[in-house]
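First comes the structure, then the notes that go with it.
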Amino acid sequence: MSSQHLGQPKQIHERNRSTSFSKLLSSKPWRKISNTNNTADYSTNHTPNTSNDNTTTSSSNNSSHLNLYPSRIQQQQDEDETAVRSRSPSYGNVSRLSKFKSIFYNTTTATTITTTTTTTVSSANSNKTRYMSPMTPVNFEGNHISNNRQEMEQEESFEEQLFPESPKLAHLANHFLDQSELANGPLPKNDKFISAHTSTRNSHENNLKQNRRRSPSTPIMPSHLISSSPSSSHNSRTNEPMVHENLRLTKPNANTIRIINNLSNISLNNIKENEEMGNLTDPSRNHGFHKDTDNDSFISASERLEIPASPFRNGSMTKSTNNANDDINESTDPQPFPSIILKTEDNDEVEDEQGDTTTPTPLPPPFSCSPRPQGIKGKKRQSTIRRTTSEMDTIPTFPQSASASSSSSQQNSFTANIKTKTNRSTSNLFVPPPRINHPEVEHEEGNIDTGPKRSHRLRTKSFSNKFKDITVSPQSFEKIKLLGRGDVGKVYLVKEKNTNRLYALKIFSKAEMIKRKKIKRVLAEQEILATSNHPFIVTLYHSFQTEDYVYFCMEYCMGGEFFRALQTRKTKCICEEDAKFYASEVTAALEYLHLLGFIYRDLKPENILLHKSGHIMLSDFDLSVQAKDAKIPVMKGMDESTIIDTKIVSDGFRTNSFVGTEEYIAPEVIRGNGHTAAVDWWTLGILIYEMLFGMTPFKGSNSNETFSNILKNDVSFPNNNDISRNCKDLIKKLLCKNENKRLGSKLGAADIKRHPFFRKVQWSFLRNQEPPLIPMLSANGCDFTKLSSNKKNKNKVKDNKKNETNSKGLDIDPLEEQERSMFLEKVECDDEVSEEDPFHDFNSMSLMKQDNNSLIYVDSDSYGKVSYTPNKTRSRSNSHRTFFKR
Ligand SMILES: Nc1ncnc2c1ncn2[C@@H]1O[C@H](COP(=O)(O)OP(=O)(O)OP(=O)(O)O)[C@@H](O)[C@H]1O
């Protein structure tokens with residue numbers, strides 16, 4: 001079949017991206033509505049005031065159902081104030097910290113004031129207040145569904161994400177209405193939604209015709225908040241299954257509001273994973289940003305990321321034929337694991353009795369679709385997996401070349417610039433490596449290049465032999481276009497000026513991270529990206545911070561979201577063979593993450609990006625968690641049947657956050673009894689189902705119905721799809737509600753890989769196989785970022801912008817201003833960021849290996865427009881013809 005563009009822009013709107021649960025739990029301050037008469041514009045008229053009087057005044061103006069809102073705000077203000085006061089005297093001496101402090105005060109005050117605003121506007125125009133307050137009954141028709149940040153208008157700035165009509169808030173509101181439904185019976189149904197869980201042919205077809213969207217997100221709701229609420233008792237009327245305490249809510253009322261408001265202040269960023277429930281049930285615990293008043297810092301020591309023991313510390317994995325409960329001693333060898341390549345020295349592939357390849361997926365060299373090196377097959381498998389340092393270890397951290405010395409003075413000057421700006425200690429001088437000619441670097445004579453000094457923290461980090469000190473700054477990149485926006489960050493397609501290479505630059509606003517309490521999540525994401533080295537996990541090339549922003553420079557996956565590729569299909573689904581291809585790549589990536597002790601927790605087509613080659617790249621790790629005391633993976637069996645037990649790595653580790661994406665969430669998460677890495681196998685089951693049927697198996701007409709379906713219903717398969725018995729069996733076993741019986745519960749990924757469905761999969765050669773779809777930059781393709789289903793909002797944003805003028809009376813485009821500063825700020829040296837700084841734990845660093853894989857910028861390419869073409873070289877057995885018939 002000839003190459004064919006599959007992009008169908010018309011179909012893109014049929015389903016929107018889903019949002020992960022915890023992501024709606026932001027403590028977003030709501031922005032003042034410009035068309036109200038309310039004068040409480042916190043940004044201009046209000047002086048931050050932490051006194052309780054102010055709060056009380058605000059609340060007194062509100063209708064009764066809002067009264068509890070300020071009480072929480074007041075509580076938070078008190079907490080903030082206490083925390084700030086209790087900080088060391090040196091706090092006040094650091095101007096940067098003062099800035100963060102003011103951000104924090106502003107956040108608190110803004111929330112208070114907006115509460116008043118909400119009330120005022122509510123009475124004036126109910127339509128306009130629909131999304132202003134989560135507790136306001138909301139008609140979600142047509143609006144709440146557009147939580148596709150990528151489709152939101154590009155002009156929107158970070159601040160505009162705070163716009164009160166945010167669809168996210170609508171989601172939150174919807175969710176809480178859903179909760180009330182669960183407790184008090186159904187509210188009138190929005191007939192635009194249909195119940196998909198019946199899984200009949202009709203419902204399936206209807207579903208596809210309907211304007212289907214992912215269900216709204218659900219926040220983390222620690223149980224003590226519910227139980228502390230008088231009206232949150234269990235509902236005796238509805239005989240609902242055992243559900244997470246989070247879900248036991250009443251109709252929106254004062255107590256619900258209190259819960260909502262409380263929730264907004266306890267995002268997971270303030271909660272140490274696995275201690276979450278314990279911490280939260282301690283009423284004395286401060287859940288605000290400054291939760292630890294004993295600690296003289298913005299972020300308590302407990303919030304700082306700790307590097308768990310490497311599962312590979314002994315230099316090799318333990319080869320054991322014993323069972324998974326064998327005692328495994330952790331080595332104290334400080335060698336980090338990121339540079340470790342898990343590989344069998346000789347033979348990468350072994351077949352078990354059924355013919356399944358059971359070799360653990362190795363950590364291959366940097367992604368390449370070139371043919372696999374000769375001579376791998378047929379050699380004997382080595383019984384142990386050895387730790388090998390990456391090839392990058394041999395690359396000197398800083399080239400001592402002529403060019404290096406010639407630019408040394410520039411580097412010193414660069415350092416001097418930073419020192420001057422931050423006025424920080426000169427110890428541990430930050431000297432960027434000399435090979436980059438930073439445009440911002442001024443030549444300064446007379447400086448002696450004392451050589452690079454690695455950041456102390458970077459040296460001690462687990463990924464220190466994979467990364468070196470940062471070699472780039474924001475000025476090294478030129479923005480090409482906005483690719484999408486995340487929860488607190490924006491992702492730009494950029495080209496590196498020196499090399500013309502394309503990257504995805506994710507930029508987080510520090511102010512936003514503080515306001516939204518996302519610091520821990522972003523740091524966790526960095527940790528995972530930096531630690532990982534896998535062909536199906538997006539590569540992090542650089543991470544750095546400036547005074548106002550945090551940057552992740554990642555591999556550009558020009559195919560965009562796999563979700564989008566699915567959406568270009570008429571039926572939103574693909575054939576079994578193609579689904580098998582993607583499922584096996586996802587399994588390999590999950591196996592790798594589990595080996596490192598990470599639980600991904602947010603698998604869905606939206607978080608799977610497509611590399612230019614068509615292979616998958618997992619992204620978005622901000623919901624992932626790393627098991628404490630990760631154990632050493634165990635090799636089981638001998639010779640050809642050797643398999644690796646990935647389950648043991650995080651054995652015994654349970655975490656209790658309510659995170660995930662509604663239709664993908666596992667029963668144990670809903671039940672709230674804690675969950676393990678098994679949640680990833682559940683989500684794999686949902687993913688395979690969605691790839692095959694274009695819908696998820698348990699989707700209901702609202703969150704409660706979905707959760708109820710997840711807990712009660714068995715998975716069923718629409719009749720109109722010819723799915724093999726093995727495939728159905730795999731899905732059923734992955735979607736086993738009992739996590740202890742679920743496929744993967746014995747040995748982790750090995751259980752899945754050995755399932756007959758994957759019998760013919762060559763696990764070691766996955767990255768060398770031909771993907772079913774090849775993304776192409778094409779003038780005729782879909783420009784997903786330009787599609788916006790929310791034009792109204794877009795116009796409002798534009799209107800708001802018109803009001804802003806500079807000192808000369810000329811219009812300022814805030815977005816342009818913001819973007820300019822994003823790409824102009826000077827990079828900051830981590831070692832000089834004081835311990836009190838919320839971003840002290842951030843690591844600025846560059847990947848050591850040369851980047852030969854990223855795309856090179858070509859002027860004539862229309863970046864952003866993507867179409868998906870069939871892979872002509874894919875073998876017939878892969879049934880790609882069936883794929884394109886759909
Ligand atoms: N490496 C990349 N290459 C290409 N596009 C990317 C890359 N990373 C992100 N994007 C695009 O940017 C969008 C936002 O990315 P991000 O990971 O921040 O989003 P998210 O998962 O929706 O948000 P978050 O987890 O922060 O709430 C994605 O939807 C994706 O389309």
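From a predicted model like this one, the values you see are computed outputs, not experimental measurements. All values below come from the heavy atoms of this structure, side chains included, with hydrogens, waters and symmetry mates left out. Just follow the structure's listing: the first ligand is 1, and inside any ligand the first atom is 1.
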Which of the ligand 1 atoms, numbered from 1, are nearer than 4.0 Å to a heavy atom of [X]:
{"X": "D622", "result": "24 (P), 25 (O), 26 (O)"}
{"X": "D620", "result": "20 (P), 21 (O), 23 (O), 24 (P), 25 (O)"}
{"X": "N607", "result": "21 (O)"}
{"X": "L483", "result": "4 (C), 5 (N)"}

Less than 3.5 Å apart, any donor N or O on the side chain of Y857 or E478 sitting next to an acceptor on the other? no
Contacts of Y600 that satisfy side chain to side chain donor-acceptor pair (under 3.5 Å) - sequence neighbours left out:
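Scan of Y600 (side chain to side chain donor-acceptor pair (under 3.5 Å), adjacent residues dropped) gives none.
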Sorted by chain and residue number, the side chain to side chain donor-acceptor pair (under 3.5 Å) partners of T683 (sequence neighbours excluded) come out as none
Which one holds for [X] and ligand 1: side chain close, backbone close, both close, or neither close, with close meaning a heavy atom under 4.0 Å?
{"X": "L609", "answer": "side chain"}
{"X": "C557", "answer": "both"}
{"X": "E555", "answer": "backbone"}
{"X": "R485", "answer": "backbone"}

Polar-atom distance check: Y556 versus ligand 1, any N or O pair below 3.5 Å?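 No: no nitrogen or oxygen of Y556 is under 3.5 Å from one in ligand 1.
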- Task: Run the ring-centre check on F562 versus Y582 and record whether the distance is less than 6.0 Å.
- Result: yes
- Message: Do the side chains of K518 and E512 get close enough for a salt bridge, i.e. N-O under 4.0 angstrom?
- Response: no
Apply ring pair (Phe, Tyr, Trp, His ring centres under 6.0 Å) to residues F508 and Y549 and explain how you reach the verdict. CA-CA 6 Å; F508 303 90; Y549 301 103; over 10 Å; no
Given the options V472, T546, V827, Y551 meets side-chain contact (heavy atoms from CB on, under 4.5 Å) only with T546
